[in-house]
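These notes are about the structure you will find just below.
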There are 2 protein chains.
Amino acid sequence: MAKSGPRGQSTDAEQSRSADTRAALVLAAIGALREVGFSRASAREIARRAGCNQALVFYHYGSVTGLLLAALDEVSERRLATYRGLVGRADSLTKLVESARAIFAEDLAAGHVSVLIEMITAAQSDAGLGDQVGARLAPWRDLAESAVREALAGSPLAAMLPAREVAHGIVAGFLGLELLANLDRDASRALALFDRARMLASLLDLTGGLGLLPRTE
Amino acid sequence: MAKSGPRGQSTDAEQSRSADTRAALVLAAIGALREVGFSRASAREIARRAGCNQALVFYHYGSVTGLLLAALDEVSERRLATYRGLVGRADSLTKLVESARAIFAEDLAAGHVSVLIEMITAAQSDAGLGDQVGARLAPWRDLAESAVREALAGSPLAAMLPAREVAHGIVAGFLGLELLANLDRDASRALALFDRARMLASLLDLTGGLGLLPRTE
DNA sequence: GTCTATACTTGGATAGAC
DNA sequence: GTCTATCCAAGTATAGAC
């Protein structure tokens, strides 16, 4: 962990209480980002949710932004741990799309990607934050890339669909679909799209790629 | 236009000056959304950019949010006018992807989609704003839909790719790619993806759809 | 219509008691 | 480590002079 408290010395009981406070603040920060957004995720708002004092945000994390980045770390780690297993088993395009659909639905319900999007958007107008958020996005991109690589292994499509490029598109697609689903308060359009993609994927899996069917005209 | 000023009576000169002020405020609001984001797009920040007094924001638009919505309207209208012509001429998947790439590049440079994303994100934590932003997003979705419809007209792919669903995916993809390109301060990944899509599109255009090529194993 | 001045609120951050 | 108290900066919004 990057942060272990501003001071070095403390008893076991104090350490434990400190750890509890820090955990509560991080959870509260995640909730605040999801429910009221970056612009209203103030130290006071977060402390109220955590049931502690506003000053502790600065004591433990130095600044509100510091705490919000810790919240993004937490979400990122939890999510990667859960999903690595899921996509590790996808050895075809069809299964990859099925995994993607499941992940999208769970993310939307849990609000994971909302947290990420809030931070990405906030970073647009703050170069320093941009680098930090970008670094925390890398593992998600890597996960998508290895999933694509695995799903395309041995398929003639691999030559036409470089994993890095496709992974970038997948991450972008997730972000955009989440943005729209939250705005509409309706995920059905996104889910329908996943279903459609699944159909096409199984077609590609069966035929082994794009065939060169002669025109029928 | 929805707003014509809080009062009814004024001389021509006053109307003209008022219109100038309103236009300056809208332009300044667009710039503020792009450069410092929703959370810092305050009445004072916008008025400073417009070279006028902070109180005029409230006089002309009632609230900061009212002005920001007017800014979104302006961007939406300008953008639609420009791009309707572009996609109207796309009668194949290849040309559709080419149009999409051109639009993406221009949007990114001009910051149009940044404005939209700022408002969408802000709307996540404000239900009232959500409806207003959603309504302003509809024309963009419609534009994408009619473009897809036109590009697929007469193609066997049309049956497999319903225009409404695909359009939703396209809008989501634009938003996500823009989000990532701004974060990375680098559009090359997105542009590479468009190039890849163009290649696949021309393949589909040539073969007339997904062929059922027998497996070679 | 536009300005100045101001009332009121909220937020970041720190000092110092406990 | 945690709290109370406080300072200061910035924001929304309105009243009233010009």
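Bear in mind that the values here come from a model prediction, so they are computed numbers and not experimental data. The figures that follow rest on heavy atoms only: side chains count, while hydrogens, waters and symmetry mates do not. In what follows, every chain begins at residue 1, and chains take the letters A, B, ... in the order their sequences are listed.
Here B:S18 reaches the OP1 or OP2 of C:dG1: one of its side-chain N or O atoms lies under 4.0 Å away.
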Seminar exercise, completed: Nucleotide by nucleotide, nucleotides 11-18 of chain C touches protein heavy atoms under 4.0 Å in the pattern (B base, S sugar-phosphate only, - none) BBBB----

Problem set entry | Pair B:R48-B:E45, salt bridge (charged side-chain N to carboxylate O under 4.0 Å, His left out): steps then yes or no | CA-CA 5 Å; B:R48 189 185 58 73; B:E45 170 71 24; 3.0 Å; yes

For this session: Starting from the C-alpha separation in whole Å, work towards a yes-or-no answer on salt bridge (charged side-chain N to carboxylate O under 4.0 Å, His left out) for A:R141 and B:D184.
Result: CA-CA 13 Å; A:R141 219 175 331 218; B:D184 298 340; 3.4 Å; yes

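A straight line from OH of B:Y61 to P of D:dA13 spans 16 Å, rounded to a whole angstrom. The distance from atom CG of B:L56 to atom P of C:dT2 is 5 Å, rounded to the nearest whole Å.
Within the structure, ring pair (Phe, Tyr, Trp, His ring centres under 6.0 Å) contacts touching residues 113-146 of chain A (residues at least two apart or in different chains) do not occur.
The nearest pair of heavy atoms linking B:S114 to B:R34 is CB-CG, 4.4 Å.
Listed for the B:E118 side chain is a donor-acceptor partner under 3.5 Å among the backbone atoms of B:F38.
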